[in-house]
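What follows is a set of notes on a single structure, which appears directly below.
Throughout, protein chains are lettered first and strands after them, A, B, ... in sequence-line order, and every chain is numbered starting at 1. Since this is a predicted model, take the numbers as computed values, not measurements.
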Amino acid sequence: MSDSSRYQPQAIEASWQRAWQQHGLHETPALEPGEQGFYALSMFPYPSGNLHMGHVRNYVITDVVARVQRLRGRKVLHPMGWDAFGLPAENAAIERGVDPGAWTDQNIASMRSQLDQLGLSIDWQREVATCHTDYYRWTQWLFLQFLEAGLAYQKDATVNWDPIDQTVLANEQVDSEGRSWRSGALVEKRKLRQWFLKITDYAQQLLDDLDQLDGWPERVRTMQANWIGRSTGAELQFEVITAEGQPTGERITVFTTRPDTIFGATYVVLAPEHPLVAALTALEQQLSVQAFCDLVSRQSEQERTAEDKPKRGVPIGSQVRNPATGELIPLWIADYVLADYGTGAVMGVPAHDQRDFLFARQYELPVRQVIIPEGSDEHAFEGGAWTEAGVLIHSGRFDGLPSGKAKVAITAAAEAEGWGQERVQFRLRDWLISRQRYWGCPIPVIHCDSCGVVPVPSEQLPVELPRDVAFSGKGASPLAQLDSWVQVACPCCGKPARRETDTMDTFMCSSWYFLRYSDPHNTQLPFSRSAVDAWLPVDQYVGGIEHAILHLLYSRFFTKVLRDRQLLSCDEPFTRLLTQGMVQGVTYKNPNSGKYIPPGEVADPTDPRDPISGERLETFFEKMSKSKHNGVDPASVIDRYGADTARMFILFKAPPEKDLEWDDADVEGQFRFLQRLWRLVEAAVERGLNLADGAGSPEAVGVALASAQQGGGLTQADAALRRAVHTAIAAISEDLDGDYQFNTAVSELMKLSNAMGSVLAESSDVFACEALRNLVILLAPFAPHLAEELWLKLGGRTSADALHSSSVHRQRWPQSDASALVRDTVPLVIQIKGKVRGSLDVPADADKATLEQLALTSEIAAKWLEGKAPSRVIVVPGKLVNLVP
RNA sequence: GGGAGCGUGCCGGAAUUGGUAGACGGACUCGACUCAAAAUCGAGCGCCUUCGGGCAUGUGGGUUCGAGUCCCACCGCUCCCACCA
C-alpha cells in the first residue's frame, strides 16, 4: 500500500483546522428576531499554560454537542475564554520577576494553540479574557450595579486568612480540615474590613429555583440545597439577669429549630465572639472568660470543629430567665457555638440535643426531659439525648401536644407574649469578595474622609491595574504600597482620597463570562439586552463537578440580580448541566515506601516492580496529577494518534459523567477503528463509488427504492445494508438526545462499520453510497477531521466547492427510514416456564394467535412439554412466547 | 450523624426501561498470510458439565408466566454536607 492511501492523522488534521478557520466555519451565525439558537458552553479554563486531559474531555464533549446541533440545523454559539486573574500569575511575578499580564497572555497563546489541535468548533471571534481591560471594566461596572442595589457592602469580619498566600479566603475556599483550597495552609482567623455581596438576600430564590433545573444532575442540586441550608424555627429571647439578681434590660436572642423543647432549656450559651460577652461577664469571672476567649481564638477552625473534641466552655456569671418557665438559668460561653450562624447564641436543652447533652454532662448542668416518645409513657431518655419528635411533658399548658403542633403553639405564644417569633435561617453566608492581592479585578471605589465610600463614576472605568509594581510576596497587597495609584482626588468633593486597594475574588469574574459571550465586543455595556436574551440561558453547560457549589451558585446569583436590574430576562443561566467525570491515569505505588513510580520506569506492566528495590508495586487508576506521575500529556497522544483518535477514545471509553480510565491499549484500539474506516472508504473509492451530485442522498435512494419495488424488491445484501445504516441512524440519534450517551453512539458507529465491511461489496452502488454518505456524516461530530477527509475522498464535495457550504459539517443530520428496518421474518423466543429454550423465525406480521400456534407446534414445545398442553400461554408479539406447563 | 449514588465476565462498559444478560471495545487463545515479526483477516472467549443440561448481574427473601431492572432486609464501595442549634 502506498503512503498516500494510509490513514495519517498528522497529514490531514492541521490543514483542515486551518481551512475551517479560514472559511469561518465555526463563527456564530446571526439569529433572526425570535429565532432560538443553541448555546453550548464549556467551563472556561485558568490559563496555566498546560492543557491536561480533564480539559480535553470537557471540551470534546461540548464540541460534539455543538457539532450535532449544527448538523441538526441549529445556529450554535460555542465560545471559549480565559479565567485569567488569580494567584499563579502573581506567584510567577514574585518568583521570576515576570509581568503577570505578559505571563498570562503567553499562557493563553500556548493553550489556545493546544486547543486548536483538538479540532474544536469554537468561535474564537468571541474569545474573552477576564484580565483584559475590555472585560474587567464591565466586571467593575457590574460591581457598581451591586453597590447601587445595596447588595455590596463593607463590614468588619472575622475572616479566613491564608498565611501562605497572604490573603483572605471565602468560606467556600476553606476545606473541611480548615486548609486553604489553593495553598493548603491552615487558615487563621483575622478581623478585617471586607467587601461582601449579599447573596443571602437571594437564598430563598436560589433554593426554590433548583426545582426548575431538571436538566441538572440530581446530586448537584442536592449539594446546592445543602449548602444553602434552609431551616425553620424560632428566635426566642431570654432576659438577662445579673449575678446579683438585677435585670440589665438586655435580652439574649437564640435561634432554635426546636421551640417545642423550650421548657427543657436549662442554660444558654453564647459564642465566645458574641458582642455581649464582655458586658455580661461578672467581675469574678473576667479572668477565666478572658483566658477562654484567648484559647478559642488561637484555635484553628479545624481544632475547633473536630468531631471527637470535647465541648468546652465557662460560665460568665450572668443569668437569663427562661421565658417559658420563668426560671433563672446560667449563661455560658462555649466553643461549640458559632458566632456567625443564627444569632451566635443557643439555648441548652441537654435532654434533646446531643451536643447540649455532652456539654451538660461535662459541666454538671441540669438535664430536664420535656419530650417523650409518642404513644408511650416510657422514658426514652437513656444517657443520651432524645432528639426525635414526640409528646411534650413538664411543659405547662403545652403538655400532651406532639412536637410538631407544639412548635407552632409555643412560637405563637412567644409572639403574643413578646419573647420570640418564627424565623427562617439559612446556612448560606454573604459572599466575601475582597482579596488582598494584585492580580485581580480592582474594586472600583474610592474612600474619602468627607464623603465616605464613593463609587468610581462609570465613565472613568476601568480602574486599571497599574503595571509598575514591585512584587515581594510579603505583607499587604502590592497595590496598597503604590502611593501614586492609591492617592486620588475624590470624585465627589475633589479632596484627596484613597483608592480601594483590594481586588475581587476571581469567582466574580467567572460569574458572568457566559453573558459576555453573547455580545463580546460591546463597548457601551457588558452586553446588550437583546443579545443576551437571544442566546441565554446556556442550553448545555459542561464542566467539572468541583464547581457544583461555588461557581454555579455564584453564577445563578448574578443572573438573578441582573434580571432584577432589568439587564436580562432569564431566571437561571444554565438549562442543562453535564458534570463530566475525572480522567484517571495508571498509577504505580510502592506500598512499602509510599512512593509513586512513573509508568515509564515500570518494565513489565503485568508484573510491576520498583525499578530500584524490585518490590512489587500496587497498580490502580487515580486522577492524573504531577505528584503521582500518572498524567498523560494530550500533546503526545495527538502527535502519535491524532486528535480524532483521542476524541473517539475519550467518548467511547466511559459515559461522560463517569470517571474515565486512560489506557494506552484502548487508545491503540480506537486508532485501529479509524484506520478500518479509512480502508473501507479507500475500497469504495477504488470501486468507483462517488457521492457527487447527491449520490446516496435520500432523494437518490427514494428513486432507487421505487424502481426496486417494481423489479421485485431489494437484494438480500441491499436490505441488510440498509437495515444496518438506518438502525445506526436511529440508535445514534437517540443516544445524542436527552442524556448524552456518547459511548454507545460510538459503539453504534463500530457496528455500522462492521456491517458495511461484510456486505458493502455485494451491495448495489446506490445503497453503498447511501451507507457511506450516512456513515461519514454520523462520524463527523466525533472525528471531525477524518470525516471531512473521507467526505472529500468520496466526492461529497470537490476541492472546487466552497468549504463553508459543502463541508461534511454543513450537511444535514440523517433521518432514519423506518421502512428499512422492516424485515420479513423475525426471531421469536420460545420460553418454557420463563426459561429460554430456543427461538423460531416467524413472519414479522404474524398475529398473536398465529404466534401461539407456531410456538405450540414447534419442536421446542414438543421436546419440553412432553405432550402435555400448557396451562398458560403468554404471547408478547415481536418478542417471545412463554409456555407454562 | 444527614444526604446522594453505585455493585453485571479478566477489564472498560451494554441491555429497547419487566421480555434471548454480557452489545461494542480492550486483554487473552487458536488459525490464515509471512523466512520471521508487526500489521491485517478469520474463529473462540461468564462458570460448571456425565454434553442432556445446570448455575450465573454483591447476599438473603418477596412480587411476577418472566426480575440485572420492581419491593423488603442485609453486606460492600464512592461522593457531598456536618458541633448549623
Legend entry - Check ion pair A:R258-A:D353 (N to O, under 4.0 angstrom): no

Legend entry - Shortest non-hydrogen separation from A:M223 to A:A548 and the atoms involved: CE-CB, 3.4 Å

So what's [N] paired with, Watson-Crick or G-U wobble, going by both distances under 3.5 Å?
| N | value |
| --- | --- |
| B:G7 | B:C75 |
| B:U20 | none |
| B:G66 | none |

Legend entry - Side chain proximity check, A:Q584 to A:L660, heavy atoms < 4.5 angstrom: no

May I ask you to say what [X] touches in the nucleic acid, namely base, sugar-phosphate or nothing, with a heavy-atom cut-off under 4.0 Å?
| X | value |
| --- | --- |
| A:V836 | sugar-phosphate |
| A:R355 | base |
| A:R312 | nothing |
| A:K879 | base |
| A:P655 | sugar-phosphate |
| A:R230 | nothing |
| A:D666 | sugar-phosphate |
| A:T256 | sugar-phosphate |
| A:V876 | base |
| A:Q831 | base |

Legend entry - Audit row: A:L752, A:L775, side chain to side chain contact (heavy atoms under 4.5 Å, CB included) steps and yes/no: CA-CA 8 Å; A:L752 175 57; A:L775 174 71; 3.7 Å; yes

Taking only N and O in the side chain of [X], is any of them less than 4.0 Å away from OP1 or OP2 of [N]?
| X | N | value |
| --- | --- | --- |
| A:N743 | B:A14 | yes |
| A:K658 | B:G13 | yes |
| A:R679 | B:C41 | yes |
| A:R427 | B:A85 | no |

Nearest to the [X] side chain among [options], which nucleotide is it?
| X | options | result |
| --- | --- | --- |
| A:K835 | B:G66, B:C55, B:G25 | B:C55 |
| A:N754 | B:G2, B:G12, B:G25 | B:G25 |
| A:F255 | B:A85, B:G25, B:G19 | B:A85 |
| A:R676 | B:C24, B:A4, B:G25 | B:G25 |
| A:A665 | B:C81, B:C84, B:G26 | B:G26 |

Inset, instruction - Have a look at B:U17 and give me syn or anti from its glycosidic angle (syn if within 90° of zero). - result: syn

Inset, instruction - Could you measure between the two C1' atoms, the one in B:U16 and the one in B:C79, and give it in whole Å? - result: 31 Å

